[in-house]
Amino acid sequence: MTGLLTEADGSPVAVENLEALSPVLLVCEHASRRLPEKMGSLGLSDDALESHIAWDPGALAVSQLLVRSLDAALIYQRFSRLVYDCNRPPEAEAAMPPVSEIFEIPGNAAISAAERLSRTQALYVPFTNALSDFIATRKADGRPPVLVTMHTFTPVYHGKQRDVEIGILHDEDSRLADAMLAAAGKTAGHVVRRNEPYGPADGVTHTLIEHGLKNGLLNVMIEIRNDLVTNEIGQKVMADYLTGILGESLDALSQ
């Protein structure tokens with residue numbers, strides 16, 4: 001274990017279905033609200049630590065259903081993004097945010113350079129290395145993966161209601177996003193939009209850039225409004241929907 005993590009904390013990274021037959025690599029940077037033992041509560045209440053500021057509720061559950069329906073691989077972070085947001089580079093303030101929406105994060109105020117480095121080495125480096133290693137192995141085998149990062153977002157943000165239900169996000173490479181939006185447009189099941197409620201200008205495409213664009217991989221970021229995936233039924237409905245449009249999109253792009 002590193003200086004930040006204890007034996008009881010365990011690994012910062014989890015990998016499922018490493019030998020998946022599908023090219024899809026699911027990535028869930030905000031899978032958990034768990035804090036390392038040494039971090040205490042970061043000065044936050046239980047309610048804050050259970051809210052969307054600490055994690056993406058439902059994102060891991062939907063990802064794990066997609067592992068089975070697509071025979072995909074999954075790599076996810078086992079600790080809260082409040083300690084280190086693995087969809088941000090170390091130099092970004094948002095990697096260890098002092099404020100998230102309306103919540104101040106006392107444990108992230110005035111972090112020293114040494115503490116920033118400790119968190120980066122404990123959480124970000126193993127996570128990004130796991131992604132790099134998986135991608136390198138698949139590429140060496142002649143099976144380049146398709147990178148799909150999984151997120152959820154809150155229905156109300158800074159008091160504003162969001163009517164979009166599923167966001168299909170991309171950076172400079174829009175191939176997979178274009179195909180998914182085309183597939184989604186064939187049905188009236190959900191409100192699906194491009195680069196909503198976030199987009200590249202919001203700094204949310206770090207993983208896509210670092211591991212997708214730099215490796216020439218098909219890549220996309222999926223954002224699901226979290227009130228749609230609060231229970232097993234909603235999670236299953238969403239996973240089935242995404243299985244359909246992802247499968248259709250990959251078939252179209254392979255022709």
Side-chain angles (χ1 to χ4, degrees), residues 1-6 8-13 27-60 76-129 131 149-162 167 169 171 195-211 221 223-226:
M1 295 293 102
T2 68
L4 175 65
L5 299 180
T6 66
D9 286 325
S11 172
V13 187
V27 177
C28 198
E29 300 102 319
H30 307 150
S32 175
R33 60 185 179 85
R34 185 174 173 220
L35 298 177
E37 283 187 334
K38 292 182 180 179
M39 299 306 300
S41 66
L42 290 174
L44 293 167
S45 67
D46 290 343
D47 286 346
L49 291 173
E50 291 174 2
S51 76
H52 68 277
I53 71 164
W55 64 320
D56 282 358
L60 178 59
Y76 64 92
Q77 171 57 246
R78 295 185 59 248
F79 294 97
S80 172
R81 64 179 170 197
L82 294 177
V83 183
Y84 190 104
D85 184 336
C86 283
N87 194 29
R88 299 293 192 280
E91 65 273 14
E93 181 181 61
M96 294 159 252
V99 178
S100 182
E101 195 186 5
I102 61 173
F103 294 89
E104 293 186 1
I105 319 298
N108 287 354
I111 304 175
S112 69
E115 184 176 348
R116 291 186 69 90
L117 180 60
S118 175
R119 294 192 194 188
T120 300
Q121 290 177 336
L123 301 177
Y124 177 74
V125 171
F127 183 79
T128 197
N129 284 349
L131 294 180
T149 67
M150 298 292 298
H151 297 261
T152 66
F153 63 94
T154 180
V156 179
Y157 189 68
H158 283 291
K160 183 178 179 181
Q161 190 77 34
R162 291 156 154 176
L169 283 59
D171 203 278
N195 284 338
E196 288 190 33
Y198 308 107
D202 299 302
V204 300
T205 55
H206 172 67
T207 299
L208 297 188
I209 295 169
E210 194 66 24
H211 297 285
M221 178 176 176
E223 283 273 8
I224 305 162
R225 205 175 67 200
N226 66 30

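In this chain, numbering begins with 1 at the start of the sequence shown.
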> Does one side chain, of N87 or H30, offer a donor that lies under 3.5 Å from an acceptor on the other?
Replying inline: no

> Is there a side-chain contact between F79 and P36, using heavy atoms and a 4.5 Å cut-off?
Replying inline: yes

> Can you name the closest pair of heavy atoms from A95 and P89 and give their distance?
Replying inline: CB-O, 3.5 Å

Expected list for residues 197-205: side-chain donor-acceptor pairs under 3.5 angstrom, two or more places apart:
residue, atom, partner, partner atom, Å
Y198, OH, R162, NH2, 3.1
D202, OD2, G199, N, 2.9
T205, OG1, D171, OD2, 2.7

> Given the rule in the side-chain contact (heavy atoms from CB on, under 4.5 Å) test, do W55 and S80 qualify, once you have shown the distances and angles that lead to the verdict?
Replying inline: CA-CA 6 Å; W55 64 320; S80 172; 5.6 Å; no

> CZ of R88 to OG1 of T207: how many Å apart, nearest 0.5 Å?
Replying inline: 9.0 Å

> How close do N108 and L82 get, heavy atom to heavy atom, and via which atoms?
Replying inline: ND2-O, 2.8 Å

> By salt bridge (Lys or Arg N to Asp or Glu O under 4.0 Å), which residues pair with E37, not counting sequence neighbours?
Replying inline: none

> M96 and side-chain contact (heavy atoms from CB on, under 4.5 Å): which partner among V83, I105, T120?
Replying inline: T120

> Do S100 side-chain atoms and F103 backbone N/O form a donor-acceptor pair below 3.5 Å?
Replying inline: no

>> Contact between M150 and E29 at the side-chain level, heavy atoms closer than 4.5 Å - yes or no?
In response: no

>> For the backbone of P97 and the side chain of D85, can you confirm whether one donor and one acceptor N or O come within less than 3.5 Å of each other?
In response: no

> Between V27 and F127, does a side-chain contact (heavy atoms from CB on, under 4.5 Å) hold up when you go through it step by step?
Replying inline: CA-CA 10 Å; V27 177; F127 183 79; 3.7 Å; yes

>> Could you walk me through whether D56 and R81 satisfy the salt bridge (Lys or Arg N to Asp or Glu O under 4.0 Å) test, starting with their C-alpha distance in whole Å, then the side-chain angles of each, then the deciding distance to 0.1 Å, before giving a yes or no?
In response: CA-CA 9 Å; D56 282 358; R81 64 179 170 197; 2.8 Å; yes

> Do T128 and H211 meet the criterion of a side-chain donor-acceptor pair at a distance under 3.5 Å?
Replying inline: yes

> Could you give the distance from OH (Y84) to CZ (R119), rounded to the nearest 0.5 Å?
Replying inline: 11.0 Å

>> If you apply the rule side-chain contact (heavy atoms from CB on, under 4.5 Å), what do you find for T149 with C28, and how did you get there?
In response: CA-CA 6 Å; T149 67; C28 198; over 6 Å; no

>> Quick check against the 3.5 Å criterion: does T152 have a side-chain atom that pairs as donor or acceptor with the backbone of P57?
In response: yes

>> For E104, is the CD atom crowded, meaning more than 12 foreign heavy atoms sit under 6.0 Å from it?
In response: no

>> Would you compute the distance between atom CG of L60 and atom CZ of R78 and round it to the nearest 0.5 angstrom?
In response: 11.0 Å

>> Looking at G3, is its backbone amide N or carbonyl O close enough to the side chain of K38 to form a donor-acceptor pair, meaning the two atoms are under 3.5 Å apart?
In response: yes

>> A side-chain contact here means heavy atoms from C-beta on lying under 4.5 Å apart; do P106 and L44 qualify?
In response: yes

>> According to ring pair (Phe, Tyr, Trp, His ring centres under 6.0 Å), who are the partners of H206, at least two apart in sequence or on a separate chain?
In response: Y124

> Do you know the tightest heavy-atom contact between L208 and L169?
Replying inline: CD1-O, 4.1 Å

> Is there a donor-acceptor contact under 3.5 Å from the side chain of T6 to the main chain of D9?
Replying inline: yes

>> Would you compute the distance between atom CE of M39 and atom CG of L4 and round it to the nearest 0.5 angstrom?
In response: 6.0 Å

> Closest heavy-atom contact between Q77 and L123?
Replying inline: NE2-O, 3.4 Å

>> Quick check against the 3.5 Å criterion: does S118 have a side-chain atom that pairs as donor or acceptor with the backbone of E115?
In response: no

> How many angstroms lie between CD in Q121 and CZ in R116, if you round to the nearest 0.5 Å?
Replying inline: 13.0 Å

